[in-house]
*Asks:* 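Let me give you the structure first, and then I'll get to my questions.
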Protein chains: 2
Amino acid sequence: MRLNEAKNVIDEAISSGRTLVVVGECTVHYHGRAASKLASGERLVIVKSDGSFLVHQNKNMAAINYQPPKGVITAELGDGALVLRASRREPKELLEAFFSRIDFAQSFVMRDDRSLRVFGTEKNLSELLMQDLELIEPGLRPVKSESPLGKGRIDVFALDRDGNPVVIEVKRRTAGLSAVSQLQRYVSEVSKRKGVRVRGVLCAPGISPKALNFLECEGLEFFKLDYEVHNPSAEIKGLQRKQAGLKEFF
Amino acid sequence: MRLNEAKNVIDEAISSGRTLVVVGECTVHYHGRAASKLASGERLVIVKSDGSFLVHQNKNMAAINYQPPKGVITAELGDGALVLRASRREPKELLEAFFSRIDFAQSFVMRDDRSLRVFGTEKNLSELLMQDLELIEPGLRPVKSESPLGKGRIDVFALDRDGNPVVIEVKRRTAGLSAVSQLQRYVSEVSKRKGVRVRGVLCAPGISPKALNFLECEGLEFFKLDYEVHNPSAEIKGLQRKQAGLKEFF
DNA sequence: GCGATCAGCGGCACG
DNA sequence: CGTGCCGTTGATCGC
């Protein structure tokens, strides 16, 4: 495909707001929050109507170079090369793909007004847990979820059978050091504000050895959270009160 | 394009290890670490030879559904629909795109053995900072970088003019609460191990108000790190000793 | 708009 | 392998 043919396809795509797909040999320069150079190779470039710009190599899921939405897209033909640019201010960034050869260029109308429905997110688990904190410990009752704090936001705030405040941090996957740090931060602040000892419970499907050690050192607690994701929901194993009206999620 | 034509293109792409691009109307189901459903719409699907699988809507940089490398790709034609699947074990996951219509399907050979060279990463900044800690404070001298610890890995470990240990955490962008937590974790451990008071310095281009407050509460310090990324390098403003042989980076 | 956090984070480097 | 952690993180949601 000749570069000037490709140029027409590209201009047409940009002006009409269609999704553009280009395959060809190019080098890529990026300069903005960081800077990068990518020497010549055959890549797949995608430009979306919101200004998103992606450069894909033939491996890995993530784009090797990219620009998030709101970029201004321009194309320029000259000197035996076709340059495709995405730029924006704030932060000031410029991404350029210099094509020496274009094997394919076409644009597509992509009508799509549907959004993804996901199950098994951390928020999901928090909500389920709120329904039956007894799972963690008899007498534990919920007070507030997503409680804003000076130093962050507590997933679940509760009171144990003796009326002691309990801060609960939920993680959807194996908890690491940072999860413990996070919990520690919340517990420490609540404790300081209330002037009483506050318990901290980390709820996750697992915890790394170092994180467990750290957690124990800090006098925090770990509760193993077994859950499964079903298609239209997530479910915590052992939960007594199942969420009513799950179908309303749809 | 008829679905059975597309099927041939897809099979050919999979067996030959080429990069596959498909555009058409589809619904997408995912079930694995979480679960998701995406109702019908026109999307762009990319399948790479390493098993990466991407479903792109016409907006946003990130794929709406995906599967990282090492997925097993299969295609099945039946019942007026073409199903494209990516699956893997460990974790057990399945991603399916059900195409009711295919507008485009083609595969591409994408020769590419070049990798990205990036400048202005955190590691970059750490290394530059190591060259002249005097920038932070007179008399400050480097001891070790990337020092492994029980509870993490210290960016830069140093001694101040009085011989006090100083833990330095570098962030390439505005530091938030988690950066302070991270630094606090390191300082606390080193302090416990050495049995002496240890200083902690957070070096970043900025710090959020809450993070600053937290940092000060914890007796930690903040140092504003001004830097610029140039094309073949990154540069910290005010640095005395410039890195020699930067050109060798290439 | 900034800030804080999650993400099916991905990807990498190190033990 | 797991674990930690950075990332041009991106994307969302709340202030």
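Quick note on labels: first sequence line is chain A, next is B, and so on, each numbered from 1. In this text, all values refer to a predicted model and were calculated from it rather than measured experimentally.
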*Asks:* Provide the full list of salt bridge (Lys or Arg N to Asp or Glu O under 4.0 Å) pairs with a residue in residues 21-32 of chain A, sequence neighbours left out, each pair given once.
*Replies:* A:E25-A:R101
*Asks:* Base, backbone or nothing for each nucleotide of nucleotides 5-13 of chain D, written B, S, -, heavy atoms under 4.0 angstrom, 5' to 3'?
*Replies:* SSSBBSSS-
*Asks:* Round to the nearest Å and state the distance from A:Q57 atom CD to C:dG10 atom P.
*Replies:* 18 Å
*Asks:* Write down the distance between NZ (B:K48) and P (C:dG10), rounded to a whole number of angstrom.
*Replies:* 14 Å
*Asks:* Taking side-chain contact (heavy atoms from CB on, under 4.5 Å) as the definition, give me every residue that meets it alongside A:T27, ordered by chain and number, with sequence neighbours left out.
*Replies:* A:S40, A:F98
*Asks:* Kindly state which residues belonging to residues 200-223 of chain A come within less than 4.0 angstrom of DNA chain C, counting heavy atoms of the residue only, listed by number.
*Replies:* none
*Asks:* How many whole angstroms separate atom CZ of A:R89 from atom C1' of C:dG1?
*Replies:* 17 Å
*Asks:* Atom NZ of B:K70 to atom P of C:dG8: distance rounded to whole Å?
*Replies:* 21 Å
*Asks:* Can you name the side chain to side chain donor-acceptor pair (under 3.5 Å) partners of B:D112, sequence neighbours left out?
*Replies:* A:R43, A:Q57
*Asks:* Tell me, with the steps shown, if A:Q67 and A:Y30 meet side-chain contact (heavy atoms from CB on, under 4.5 Å).
*Replies:* CA-CA 9 Å; A:Q67 202 57 212; A:Y30 160 70; 4.0 Å; yes
*Asks:* Any salt bridge between A:E122 and A:R172, counting N to O under 4.0 Å?
*Replies:* no
*Asks:* Pair up each side-chain donor or acceptor in residues 148-158 of chain B with any protein partner under 3.5 Å, not counting sequence neighbours, and list the distances.
*Replies:*
unit_1: B:R153; atom_1: NE; unit_2: B:E146; atom_2: OE1; d: 3.0
unit_1: B:R153; atom_1: NH2; unit_2: B:E146; atom_2: OE1; d: 3.4
unit_1: B:D155; atom_1: OD2; unit_2: B:V170; atom_2: N; d: 2.8

*Asks:* If we count only N and O atoms by modelled type, under 3.5 Å, do the side chains of A:H56 and B:K48 hold a donor and an acceptor together?
*Replies:* yes
*Asks:* Looking at every strand, decide which applies to A:G176 at a 4.0 Å heavy-atom threshold: base, sugar-phosphate, or nothing.
*Replies:* sugar-phosphate
*Asks:* Just by distance, no angles: are the side chains of A:N65 and A:S36 close enough, under 3.5 Å, to form a donor-acceptor pair?
*Replies:* yes
*Asks:* What integer distance in Å separates B:E146:CD from C:dG15:P?
*Replies:* 10 Å
*Asks:* If you measure from the P atom in C:dA4 to the same atom in C:dG8, how many Å do you get, rounded?
*Replies:* 22 Å
